[in-house]
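Here is the structure we will look at, set down as structure tokens.
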Amino acid sequence: MATDKKSKLKARLPRGLADRGPGEIAATQAMIDKIRAVYELYGFEPVETPAIEYTDALGKFLPDQDRPNEGVFSFQDDDDQWLSLRYDLTAPLARHVAENFQNIALPYRSYRFGWVFRNEKPGPGRFRQFMQFDADTVGSGSAAADAEICMMAADTMEALGIPRGSYVVKVNNRKVLDGVLEAIGLGGDDNAGRRLTVLRAIDKLDRLGDEGVRLLLGEGRKDESGDFTKGAGLKDEQVDRLLTSYLRTSFRSDSPEARQSMGVSGAHSPVFNFPDETTFPDDRMTFGFWRDAVKGSDMGQLGVNELDAIAALCRAAGYGPDRVFFDASVVRGLEYYTGPVFEVELLLDTKDEKGRPVRFGSVGGGGRYDGLVSRFRGEPVPATGFSIGVSRLQAALEHLKKIDTAPKPGPVVVTVFDKTRLADYQKMVATLRGAGIRSELYLGNPKNMGNQLKYADRRKSPCVVIQGSDEKDNPAGPHVIVKDLLLGAELSKLDKDRDDYLQRQAEAQALVPEPDLVAAVRKVLDRHGVRWG
RNA sequence: GCAGCUGUAGCUCAGUUGGUUAGAGCGCCUGACUGUGGAUCAGGAGGUCGGUGGUUCGAGUCCACCCAGCUGUACCA
């Protein structure tokens, strides 16, 4: 091993990956518990699959020669078969269901959480390893399955402490989008590429606004760095139809300028919602617009009918448009969704340290994927599901200070006053642990008391135990000092000179007979309400 | 991938039109107050100025290329 300075190894974390400390781990655990409780309530049961699958089971990417790790992390087994780290939890579930089809009672409701991996550029709240919490209903094509997913998503957000109105579950239907494109003359195989471009442009509505989308649908758009993105090249008339007859129904959490650009005040518009309004669009009105927009496309009509059914079920169950909102601009992944698609967005305004607005994007999404299990079975197996991006949501909640990541109190530290009496101190630790009190023996160099207290302080220990010869040889029998570090910190704040300071420190500690050790420590813990869990 | 910006001590940053031995704050380590966190005081360690080449008598500073990071954008199951 190289030990000279020149050749020492640089400790570094690959980008897009993160180490996590006790605060974050605890916060994640708390979120998982809350999400799980909601999913269980809806009748879902857990099932877990491994982080590695055969690459072909994951869906599209078969690694090609030049870029075997584009998007997914892939590698070859010793028999040359390609394996990949999973990039979501849905495809592995489809594999699991297909492989165990005989033993699973359909419709099958299941949930799971775990790390997934994507080999792409990281950003704020965006990692190359992140956690998803996923729920799926396999084997039901009913709109009720989709409606339940939407309602469950809403319930989950509220269980996580996000108040109603600060999130929205946005719903659209891939069939409607296809129908709209067909209606403006973009049907047929020869328009497939252009349809993709258009859908991608629509997906950016909430980020770029009407004008940005208009440019992307037409000639193209230049971003702030001067980079140019080629547009879909639609005719003005087609762009107008898309924007005014269809996209105007989309959810708007953006600026007043957006209202003006639409030529609508929005004050009590049936198809608009703005943050300062309490009125929401009427579903019949929205779907009326959409039926118009898909005129001539059977697929489109079918799509609107499906959404209508979902709406009816949600509204009947008391979930209004403030929770489940039908939004023309939701697109989601282009690969495998076949019908309704869902997306959960946080509506809270957030600013970074420099006061610039921060956009976390969607914190969850999903949809109907009727083709995913069928790939393995050759028979139709409808399925619908939803994933929460736990890592991104946690990043957002931390940023919003909705999650407490403050470190928990550390253990009680039993200090080593006399090196030759380690066994005695270890016994005190055992006694405390026997009483269920989190505690440890000081394991560093016990050359002086100052270092040990400094250590305990940094550990956020509520108190330390000290026993020197004065205490041990007390005429009334062996005693110990239990020193309250939290109280000591309080008392010493205002003092300046050392004698005064030491005087104050003495007030924060109690001399008690050794048999009363546990009781004295408990007293300190109770004083500060310390509970480690 | 494309574009813009940024790389100086563990961290946050200074560093003047290119000019001796590259600085500050915080942090860290040692010591004093001799059985107690903080404060104070006295010392100390720590940098091939992201890398490589070039221009120059002379480069942290100018040029080229490379690498890394940030931001935007593209892609995103």
Side-chain angles (χ1 to χ4, degrees), chain A residues 5-6 10-16 53 55 57-61 67 70-72 84 86-92 94 116-124 126 128 132 196-197 200-201 203-204 207-208 212 216 220-230 331-337 352 354 356 358-359 361-362 365-367 369 372 387 413 415-418 446-461 463-471 481 483-509:
Chain A
K5 272 183 164 176
K6 288 264 159 73
K10 170 102 173 161
R12 61 209 181 109
L13 187 64
R15 80 175 158 203
E53 294 276 349
T55 301
L58 289 181
K60 59 172 186 179
F61 299 100
R67 325 160 81 178
E70 181 72 8
V72 278
S84 294
R86 62 186 176 193
Y87 54 74
D88 68 13
L89 297 174
T90 310
V116 301
F117 307 84
R118 296 187 187 178
N119 191 7
E120 53 191 32
K121 188 189 155 185
R126 191 166 179 167
R128 293 203 295 176
Q132 285 194 334
L196 274 182
T197 310
R200 285 173 187 144
D203 196 32
K204 295 179 176 59
R207 194 153 47 86
L208 302 181
L216 284 175
R221 171 179 179 272
K222 193 180 278 194
D223 70 44
E224 358 183 321
S225 72
D227 198 21
F228 185 76
T229 309
K230 197 170 182 304
V331 176
R332 299 296 302 170
L334 299 167
E335 288 296 324
Y336 61 51
Y337 291 124
D352 65 11
K354 292 170 186 164
R356 298 180 304 185
V358 178
R359 193 177 275 282
S362 73
Y369 49 98
L372 212 49
S387 266
V413 172
T415 57
V416 176
F417 200 96
D418 178 350
K447 67 179 171 183
N448 63 40
M449 191 50 52
N451 280 353
Q452 303 193 46
L453 287 175
K454 208 180 276 185
Y455 168 80
D457 190 45
R458 296 222 294 210
R459 290 279 273 140
K460 303 246 181 304
S461 300
C463 64
V464 295
V465 177
I466 302 169
Q467 187 186 58
S469 53
D470 289 358
E471 290 78 30
I481 289 175
K483 179 176 168 65
D484 184 335
L485 292 182
L486 302 175
L487 187 58
E490 285 296 314
L491 291 179
S492 66
K493 262 180 191 154
L494 299 174
D495 301 323
K496 289 193 198 90
D497 78 79
R498 184 168 177 80
D499 288 340
D500 200 23
Y501 170 74
L502 292 179
Q503 172 66 36
R504 295 289 198 157
Q505 288 304 319
E507 290 171 24
Q509 57 192 40

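Basis for what follows: all heavy atoms, side chains included, without hydrogens, waters or symmetry-related copies. Letters A, B, ... mirror the listed sequences (proteins, then strands); counts begin at 1.
- Asp484(A) comes within contact range of at least one nucleobase, with a heavy-atom separation under 4.0 Å.
- With sequence neighbours left out, the salt bridge (charged side-chain N to carboxylate O under 4.0 Å, His left out) criterion links Glu471(A) to no other residue.
- Of all heavy-atom pairs spanning Tyr501(A) and Ser492(A), the tightest one is CE1-CB, 3.4 Å.
- For Lys121(A), the side chain to side chain contact (heavy atoms under 4.5 Å, CB included) test picks out no residue, with sequence neighbours left out.
- If you take atom C1' in rG50(B) and the same atom in rC29(B), they sit 28 Å apart, rounded to whole Å.
- Between rA42(B) and rG72(B), the distance separating the two P atoms is 47 Å to the nearest Å.
- Here the nucleotide nearest the side chain of Lys121(A), chosen from rA74(B), rC76(B), rA77(B), is rA74(B).
- One donor-acceptor pair, N or O on each side, does fall under 3.5 Å between the base of rA77(B) and the side chain of Arg118(A).
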Heavy-atom contacts, protein to nucleotides 28-33 of chain B, under 4.0 Å, summarised as B (base), S (sugar-phosphate only) or - (none) per nt, yield S-S--B

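- Within the 4.0 angstrom heavy-atom criterion, no nucleotide atom of any strand lies near Ala91(A).
- Using a 4.0 Å heavy-atom distance criterion, Gln509(A) is classed as a base contact.
- Using a 4.0 Å heavy-atom cutoff across all strands shown, Leu502(A) reaches sugar-phosphate atoms only and no base atom.
- Taking atom P on both rA24(B) and rG46(B), the two are 15 Å apart, rounded to the nearest angstrom.
- Contact annotation for Glu471(A): base contact, defined as any heavy-atom pair under 4.0 Å involving a base atom.
- Annotated stems with RNA chain B as a participant read B:1-7 with B:67-73, B:10-13 with B:23-26, B:28-32 with B:40-44, B:50-54 with B:62-66, given as range with range, by first number; only runs of 3 or more Watson-Crick or G-U pairs under 3.5 Å qualify.
- Across rU20(B) and rC33(B), the matching C1' atoms stand 43 Å from one another, rounded to whole Å.
- Residues satisfying the salt bridge (charged side-chain N to carboxylate O under 4.0 Å, His left out) test with Arg128(A), not counting sequence neighbours, are none.
- Using a 4.0 Å cut-off, no side-chain N or O of Lys222(A) falls inside it from OP1 or OP2 of rA74(B).
- Closest approach of Ala201(A) to Leu216(A), counting heavy atoms only: CB-CB, 3.8 Å.
- Between Tyr501(A) and rG38(B), a base-stacking contact is recorded: ring centres under 5.5 Å apart, planes less than 30° from parallel.
- Among the atoms of the strands shown, none is found under 4.0 Å from any heavy atom of Lys230(A).
- Side chain of Lys483(A), nearest nucleotide from rA74(B), rG35(B), rU36(B): rU36(B).
- Proximity note for Arg126(A) (side chain, C-beta onward) versus rG37(B), rC75(B), rU71(B): the nearest is rC75(B).
- No contact: Tyr455(A) has no heavy atom under 4.0 Å from any strand.
- Sequence order on RNA chain B of the closest nucleotides to Leu208(A) and Ala506(A) puts Ala506(A) first from the 5' end.
- Asp418(A) meets the side chain to side chain contact (heavy atoms under 4.5 Å, CB included) test with Thr420(A), Arg421(A), Tyr425(A); sequence neighbours excluded.
- Between rU73(B), rA77(B), rG35(B), one nucleotide has an atom nearer to the side chain of Glu120(A) than all others, and that is rA77(B).
- Residues meeting the salt bridge (charged side-chain N to carboxylate O under 4.0 Å, His left out) test with Arg126(A), sequence neighbours left out: Glu120(A).
- Nearest heavy-atom pair, Ser362(A) versus Arg332(A), reported as atom, atom and distance to 0.1 Å: OG-NH1, 3.5 Å.
- In this view, Ser387(A) and Gln132(A), Asp134(A) satisfy the side chain to side chain contact (heavy atoms under 4.5 Å, CB included) rule, not counting sequence neighbours.
- Residue contacts shown for Arg15(A) are limited to sugar-phosphate atoms, with no base heavy atom under 4.0 Å away.
- Nearest nucleotide to the Arg207(A) side chain, out of rA77(B), rG35(B), rU73(B): rU73(B).
- Comparing the C1' positions of rG54(B) and rG43(B) gives a spacing of 44 Å, expressed to the nearest Å.
- In this structure, Tyr87(A) contributes its side chain and Leu58(A) its backbone to a donor-acceptor pair below 3.5 Å.
- Ala456(A) pairs by the side chain to side chain contact (heavy atoms under 4.5 Å, CB included) definition with Val413(A), Ser461(A), Val464(A), Leu485(A), not counting sequence neighbours.
- Straight-line distance between the C1' atoms of rC70(B) and rA32(B): roughly 46 Å, to the nearest whole Å.
- For the P atoms, the distance linking rG25(B) with rG44(B) amounts to 14 Å, nearest Å.
- Taking the side chain of Thr229(A) as heavy atoms from C-beta on, and the options rG37(B), rA77(B), rU73(B), the nearest nucleotide is rU73(B).
- In terms of phosphate contacts, Arg332(A) brings no side-chain nitrogen or oxygen within less than 4.0 Å of OP1 or OP2 of rC76(B).
- The P atoms of rG27(B) and rU12(B) are separated by 15 Å, rounded to the nearest whole Å.
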